[in-house]
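Throughout, protein chains are lettered first and strands after them, A, B, ... in sequence-line order, and every chain is numbered starting at 1.
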Protein chains: 2
Amino acid sequence: MTIRLLLVDDHAVVRSGLRMLLESEPNLEIVGEAGAAQDALRLVELLQPDLVLMDIGLPDASGIDTTLAIKQRWPAVAVVALTIHEDEEYFFRMLHAGASGYVPKRAAPEELLTAVRTAAAGEVYLYPSLAKLLVQDFVAGARPAQAEALSGLTEREQEVLAYLAEGSSNLEIAEALTISPKTVARHRENIMAKLNLHSRTDLVKYAIRKGIIQP
Amino acid sequence: MTIRLLLVDDHAVVRSGLRMLLESEPNLEIVGEAGAAQDALRLVELLQPDLVLMDIGLPDASGIDTTLAIKQRWPAVAVVALTIHEDEEYFFRMLHAGASGYVPKRAAPEELLTAVRTAAAGEVYLYPSLAKLLVQDFVAGARPAQAEALSGLTEREQEVLAYLAEGSSNLEIAEALTISPKTVARHRENIMAKLNLHSRTDLVKYAIRKGIIQP
DNA sequence: CGCGGCCTGGGGTGAATCACCCATGCCAGG
DNA sequence: CCTGGCATGGGTGATTCACCCCAGGCCGCG
């Protein structure tokens, strides 16, 4: 099976170079080129390629928005981002837009080919330095805090906060900790004052942000 | 610079095969082998390798726990998981443990070598099918719902729910929607009944799970 | 045309919460 | 030794919550 590929980059020279590189590969056919977002969308509709190799910097619209538009209308079309941008910002936004691969232009030619083949197979190729960013985000996002200072809460206050965040009432917490409900209320007041929160629901959101509880 | 590598797998035959494969590579030295978690930890301390190639299925302890132990004591040591497991479960747990690479045993030898070189360089190598899982988790985790049915809530109820989730009181919501506080209370009762929730804090957690609000 | 669902309001009750006030021990650090 | 932070309690009053009751108006659907 041959991969039918659409090339999107606003620089004709770059497109030529990519065409040279990609056409030397077997089972890979470049069915079209586009230098602008409008052309890209039109050609996707016209040619129904398997894969779009997308530059982010386009003259008339962002490659991110273009990717989003393509994935919304033709979800089966894989999009691989090929760009000079290696920062978190563009990378994450491109993933959200539905990209199946992300390769910086400084990457080795073989890596681009790997990304194209991988994305065409329905998988995802991530350039290692960007995979690292994603994994960091994953690990951090899943459980950000716990060991964090919790803004100067005492041990007992943190303990009470954990129960409060679960939605327990003062009485329930009091029984769990075998102290008076009034003491629980006292702790809660101190907690809310220290964290500058003003309601139980704010406490829940705070606890989720800090990873104390799972939503 | 030569990569100093420690091989951890409980099958001697597999270790031999890997040694054959890896030793044919330049700039790669296998400094030791371990068949059990205890040996692995001991050898890491003794040999201070750059990288540990870790099987998950070990006789005395999980490769995941072993990875965690290694990364806690020697964060500079890169760990690449090489395993038969390709499901989300092991993959995500291995990432949490601190792995810099994840390669299924069915992968091509070149992919293992790429993973080793990438991880040794401080980056992350993810096998494409697993990179796909991670990206899916990333995209889903960031904004999971919104368009979902919300379990049969009416439009007005969803509107009230949005305010409730923010922690607004009945009176505040009433003023925002220019209706009576009693009506807000009524909507809230219906919402809680439909969603089988029993407190405002439960509503907040529900709203965060559904992506209605951000924590 | 009636039926049911939705939105809108009102009343009531008991419990819980909130936001203040107060005090007592205990223990560490200046 | 004594000041301050921490944990532990009590009290009070206003407010809110959670859960019941009720009903009228509107709109679509059979």
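- Here C:dA16 presents its C1' atom at 14 Å from CG of B:N170, a figure rounded to the nearest Å.
- Between B:R200 atom CZ and C:dC18 atom C1' the separation is 13 Å, expressed in whole Å.
- Among the heavy atoms of the strands, none lies under 4.0 Å from A:N190.
- Look at NE2 on A:H187: it is 17 Å from C1' on C:dA19, rounded to the nearest Å.
- Atom CG in B:L171 sits about 13 Å away from atom C1' in D:dC17, given to the nearest Å.
- Regarding contacts with the backbone of C:dT8, a side-chain N or O of B:R156 is found under 4.0 angstrom from either OP1 or OP2.
- Judged by atom type and distance alone, A:K182 reaches the base of D:dT12 through a side-chain donor-acceptor pair under 3.5 Å.
- Phosphate proximity of D:dT15 to B:S169: absent, as no side-chain N or O sits under 4.0 Å from OP1 or OP2.
- Residue B:T183 is classed as a base contact, given a heavy-atom separation below 4.0 Å to a base.
- Partner of A:L51 under the side-chain contact (heavy atoms from CB on, under 4.5 Å) criterion, chosen from A:V116, A:V79, A:V77: A:V116.
- When rounded to the nearest whole Å, the span between CZ of A:R188 and C1' of D:dT16 equals 13 Å.
- Within the 4.0 Å cut-off from OP1 or OP2 of C:dG5, not a single side-chain nitrogen or oxygen of B:T154 is found.
- Distance CD1 (B:I191) to C1' (D:dA18): 14 Å, rounded to an integer number of Å.
- In the set D:dA18, D:dG10, D:dC19, D:dA18 carries the atom at the smallest distance from any side-chain atom of B:S199.
- Summarising the geometry, atom CZ belonging to A:F91 is positioned 5.0 Å from atom CG belonging to A:L126; distances are rounded to the nearest 0.5 Å.
- Atoms CD and CG, on A:E33 and A:D9 in that order, are 9.5 Å from each other to the nearest 0.5 Å.
- Between the C1' atom of D:dG5 and the CD atom of A:E155 lies a distance of 14 Å, rounded to the nearest Å.
- Counting only heavy atoms from C-beta on, A:M192 has its side chain closest to C:dA19 among C:dT17, C:dA19, D:dC17.
- Look at CZ on B:R186: it is 9 Å from C1' on D:dC20, rounded to the nearest Å.
- Relative orientation of the B:Y90 and B:H85 rings is parallel, given thresholds of 30° and 60° on the angle between their planes.
- Judged by distance alone, with hydrogens and angles left aside, A:E157 brings no side-chain donor or acceptor close enough to the base of D:dC6 to form a pair under 3.5 Å.
- The pair A:E45-A:R42 does not count as a salt bridge, with every side-chain nitrogen at least 4.0 angstrom from each carboxylate oxygen.
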